[in-house]
Every structure is written in C-alpha cells, then in structure tokens.
Amino acid sequence: VANRNPQWDVRNLPKNPDRVFFVTGGNAGIGYFIAEQLASTGATVFIGARNEMRASAAIKAIRAEVPNARVLSAHLDLSDINSVRSITGLLGDAPRLDGLILNAGVLAQSDRSETVNGHELMMGTNHLGHFALVSQLLPVLDSTPGSRVVTLSSVASRFAHLDMDDLQSTAGTFKGFRTYVRSKLAQSIFALELERRLRSTGSDTQSLLAHPGGAIDGLTPSRPPLRTRTRAEHAKALPQIPVAQSKEHAAWPAVRAALDPNAHGGQLWGPRLLRTQGKPSTESVPKRWTDHAAATALWDESVRLTGATWPILDGDSPETRPESSQTSP
Ligand SMILES: NC(=O)c1ccc[n+]([C@@H]2O[C@H](COP(=O)([O-])OP(=O)(O)OC[C@H]3O[C@@H](n4cnc5c(N)ncnc54)[C@H](OP(=O)(O)O)[C@@H]3O)[C@@H](O)[C@H]2O)c1
C-alpha cells in the first residue's frame, strides 16, 4: 500500500543537527542531491568520493545552497576493497552514524572490465564494494540508536535474474545493461537479507531500499561549481519529461527512507508517479528480491570475494559485544 503521508514535505525536512550521514558517490548526480538535502536538516554529511576535487566542488555547491552546511569528504573507492577497509579510520571523529546511503554506482558499461580486485567492474563496485563498506561501518551504525542503511536500487532490477554460477559475467555472457541490472538486483537482495539478519540479532539498525525512477542530468538544475546545465542540454532533455525527472527529485525517495520516522526496514521507496517521477512513496517489494536461498548464496559468495566479516550478525550480541568492536572493526 502506497504511503501517502501528506505531512511529508520534500522541501522542509525534519531538522536534527545531531545526526551524521554518509552518502557514497555524494559528489555527483543523485548522490549530490541526497547529500544536499540531508545537509539542509542541519546534519553532518560525509561525502564518500574517489576524487578529492569533485568532492570539494560538491561541498562548495552544497554550501552555496545550504548556508553553514556541515559537509565533509571521505576518500572512498568502492572498486578497491582496501580503500573500503580504510573508511572507518576517516570516520574516527564521528561518534555516530545515523544513516549510510549506498548511492554510488557504475552505470551500464559497453565493455567488460575489472576492479583492482579482479571483480567485474559493475558487480564489483555496486554490490561487492558496498557489501564490504556496510560490514566496515556496521559497528558504528549498530551503536547509533535508530540508524539506517538505505540502498539505491532500480526499477529494471525488478525483472532481472541473478546467475549465481556466473555472478561476474565471465562466461562470455557480458552485456552492459544486463550486467548492470544484475548488480542492482544483487544490491537489492543484499539489502533485504541484511534487514533479515539485523532483525534476528536484535540490532536497532534497519535496512531500507529506495529507487530514483528515471533521472537525467539534462533535467537537473545547475549546481556551480559542481555542474552547470546548458540551455541546449536542457532543451534536448525536455521530450523525456514523461519518463524521467531531475536528479534533485530523484533523491527524494532515498532521503525519505533515511529520515521519515514512519519508514522502517524492508521497505522500498520510489517516485509515486508510474515509478518514474514525483514525490516519494512506498512500493511493493518484488518476490525475487526476497528469495532466501538466493540471498544466502549471494551473501556467502560476497564474503568469499571480499573477505568482509560480520561479527555483529554472527551472533555477537550487544550484551556480549566488546566495547571496542562498536567503534573500530
Ligand atoms: N539515473 C537513473 O535514472 C538511475 C535509475 C536507477 C537507479 N539509479 C542508481 O542511482 C545511483 C546514482 O545514479 P546517478 O544517475 O546519480 O549516477 P552518476 O551521476 O553517474 O553518479 C554516480 C556516482 O557514483 C560514483 N562512483 C562510481 N564509481 C565509484 C567508485 N569506484 N567509488 C566511489 N564512487 C564511485 C561516481 O563518482 P565519480 O564522479 O568519481 O565517477 C558518482 O558520484 C546509482 O546507484 C544508480 O545505479 C540511477
């Protein structure tokens, strides 16, 4: 049932200066607007980005929109598991993490390539990089009351099929869009399996899904010095208005999933109008995203490929957990 809470105002979000968020890929596109909107609540927002100059342009752009915004950059390359492992050190001064937004993504590529770890680039970055990142940050999330992990999914992954025997499209099976959509399906299955495991351990952290609909740069407002839209670019994008929206609006579902006190783990948030544009509401979760056997197989394979460890989910209950494991995994 769609959530049409009229109280939710996408342009007047609940303020809370005590909160801390981390947005992967917050230096561009939808992630930039997620970071900007979260910063408008007074929260501290970390932008996880692999390029320092793009991160600093994003920070300048946010400060131009949100005076006194508290935004910081954290170096993060999701295609390199070692970079992901070093992330907790960068967050050392943050005593809490209220929301981790898994937004960064490599979109459909024409040719197959691999990460430094030898994983297919889209599966390696979008799913495996985020899988490892959540395992690194779960201790600080778990020690922050009411914290959330929000995963950016996609409509196309509703119809995808995950081939566990060929997770990385090595068998001559690479097709740019199909491999991309499979990586988004893997992320969606992981998000829901994470929610199941969190509930069974009694953790206060929740895992939610959001998707942006269809979002293109040509419909997106300028944010100098990060990006300036030309008139020609905008005019070219106008015919796509029936099926696409700006990246500013595409950020709304993830922001609501992160902030709405009535949102909860296991939900999928997306644009209300034909799943492509408009204000955020909840949607049904496709059955194939909740296939328990597929989720278990994917989890085990992701652990094998990344070396990620999950002490909190593996029975290390809050009562027995050593204090140190809550801040530095
Ligand atoms: N746009 C759509 O219509 C649409 C539809 C469905 C789902 N989505 C999902 O929404 C999310 C954002 O999409 P978008 O359209 O905003 O994409 P985008 O404009 O291409 O931005 C992608 C972001 O991911 C970052 N990124 C890529 N590889 C990275 C890596 N190895 N380490 C760290 N960051 C990395 C990029 O950083 P750099 O600047 O360094 O490249 C950039 O900040 C993605 O997860 C995408 O799958 C988008």
Side-chain angles (χ1 to χ4, degrees), residues 22-36 46-59 61 73-84 86-87 90 101-109 113-117 119-133 150-160 176-177 179-188 190-191 209-220 223 226-227 229 237 240-241 243-255 257 268-271 275-277 283:
F22 188 108
V23 184
T24 70
N27 65 286
I30 297 164
Y32 165 81
F33 286 97
I34 294 172
E36 180 188 294
F46 284 90
I47 287 181
R50 57 184 164 171
N51 180 296
E52 187 53 44
M53 277 172 66
R54 287 197 287 271
S56 105
I59 289 172
S73 75
H75 180 78
L76 171 71
D77 184 349
L78 287 162
S79 68
D80 178 351
I81 299 295
N82 277 337
S83 162
V84 174
S86 63
I87 204 72
L90 292 170
I101 320 298
L102 309 182
N103 158 83
V106 181
L107 309 189
Q109 305 288 296
S113 60
E114 293 186 347
T115 68
V116 290
N117 304 110
H119 305 140
E120 187 283 319
L121 184 67
M122 291 178 276
M123 190 60 80
T125 306
N126 303 354
H127 170 57
L128 295 173
H130 278 133
F131 182 86
L133 181 69
V150 178
T151 299
L152 270 278
S153 181
S154 76
V155 173
S157 59
R158 295 183 87 91
F159 313 103
F177 188 67
T179 300
Y180 162 70
V181 169
R182 284 183 176 182
S183 76
K184 301 308 289 179
L185 173 61
Q187 286 192 263
S188 309
F190 162 57
L209 283 156
H211 78 85
I216 56 175
D217 289 324
L219 295 176
T220 303
R223 285 294 188 269
L226 182 64
R227 205 184 148 272
R229 183 182 63 189
Q240 296 198 52
I241 280 182
V243 291
Q245 61 179 347
S246 72
K247 294 197 173 182
E248 180 186 24
H249 294 188
W252 289 344
V255 170
L268 168 62
W269 288 84
R275 293 193 178 127
T276 55
Q277 50 186 287
E283 291 179 14

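Numbers here simply count residues along the sequence, with the first being 1. Just follow the structure's listing: the first ligand is 1, and inside any ligand the first atom is 1. Please read these numbers as outputs of a predicted model, since none were measured by experiment. The figures that follow rest on heavy atoms only: side chains count, while hydrogens, waters and symmetry mates do not.
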**Item:** Nearest-0.5 Å distance, CG of residue Leu209 to CZ of residue Phe190
**Value:** 10.5 Å
**Value rounded to 0.5 Å, distance of CZ in Phe131 from CD1 in Ile81** =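 It is 10.0 Å, given to the nearest 0.5 Å.
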Looking at ligand 1, is there an atom of it that comes within less than 4.0 Å of some heavy atom belonging to [X]?
X: His211; result: no
X: Ala49; result: no
X: Val106; result: yes
X: Asn51; result: no

**Request:** Can you sort out which atoms of ligand 1 are near Gly214, meaning under 4.0 Å from one of its heavy atoms?
**Result:**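 Going through ligand 1 atom by atom, the ones under 4.0 Å from Gly214 are 3 (O).
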**Leu78 neighbourhood, listing ligand 1 atoms whose heavy-atom distance to it stays under 4.0 Å** =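 Per the distance check, 30 (C), 31 (N), 32 (N), 33 (C).
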Should [X] and [Y] count as side-chain neighbours, where that means a heavy-atom distance under 4.5 Å?
X: Pro253; Y: Pro271; result: yes
X: Leu226; Y: Tyr32; result: yes
X: Ile47; Y: Ile59; result: yes
X: Ser153; Y: Gln187; result: no

Starting from [atom], which protein heavy atom do you reach first, and at what distance in Å?
atom: atom 43 (O) of ligand 1; answer: Asn27 OD1, 2.9 Å
atom: atom 16 (O) of ligand 1; answer: Ile30 N, 2.8 Å
atom: atom 14 (P) of ligand 1; answer: Lys247 NZ, 3.6 Å
atom: atom 33 (C) of ligand 1; answer: Leu76 O, 3.4 Å
atom: atom 12 (C) of ligand 1; answer: Asn103 OD1, 3.2 Å
atom: atom 47 (O) of ligand 1; answer: Tyr180 OH, 2.6 Å
atom: atom 42 (C) of ligand 1; answer: Ala28 CB, 3.9 Å
atom: atom 20 (O) of ligand 1; answer: Leu107 CD1, 3.9 Å

**Request:** Measure the acute angle between the ring planes of His249 and Trp252, then classify it against the limits of 30° and 60° as parallel, tilted or perpendicular.
**Result:**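 Parallel: the ring planes of His249 and Trp252 meet at under 30°.
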**Asked** Taking the inter-plane angle between the rings of Phe46 and Phe22 on a 0 to 90° scale, is it parallel (under 30°), tilted (30 to 60°) or perpendicular (over 60°)?
**Response** parallel
**Request:** Pick out which of Lys184, Glu283, Arg158 makes a side chain to side chain donor-acceptor pair (under 3.5 Å) with His211.
**Result:**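 Only one option passes, and that is Glu283.
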**Asked** Is it the case that Asp77 and Ser83 place a side-chain donor and acceptor less than 3.5 Å from each other?
**Response** no
**Message:** Pairing donors with acceptors under 3.5 angstrom, does anything connect the side chains of His130 and Thr24?
**Reply:** yes
**Prompt:** With backbone taken as N, CA, C and O and side chain as the heavy atoms from C-beta onward, which portion of Ser153 lies under 4.0 Å from ligand 1: side chain, backbone, both, or neither?
**Reply:**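 For Ser153, the contact with ligand 1 is made by the backbone alone.
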**Request:** Check each heavy atom of Ala104 against ligand 1 and say whether those closer than 4.0 Å belong to the side chain, the backbone, both or neither.
**Result:**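 The answer is both.
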**Request:** Quick one: closest heavy-atom pair of Pro212 and Leu152, and the distance?
**Result:**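 Here Pro212 and Leu152 meet closest at CD-CD1, 4.0 Å.
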Under 3.5 Å between any N/O of [X] and any N/O of ligand 1: does that happen in this structure?
X: Pro212; answer: no
X: Gly48; answer: no
X: Leu152; answer: no
X: Arg54; answer: yes
X: Asp77; answer: yes

**Request:** Output every pair passing salt bridge (charged side-chain N to carboxylate O under 4.0 Å, His left out) with a member in residues 245-254, not counting sequence neighbours, ordered by first then second residue.
**Result:** Arg11-Glu248, Asp217-Lys247, Arg223-Glu248
**Item:** Per atom 22 (C) of ligand 1, closest listed option by heavy atom (Gly105, Ser79, Gly29)
**Value:**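 Ranked by closest heavy atom to atom 22 (C) of ligand 1, first place is Gly105.
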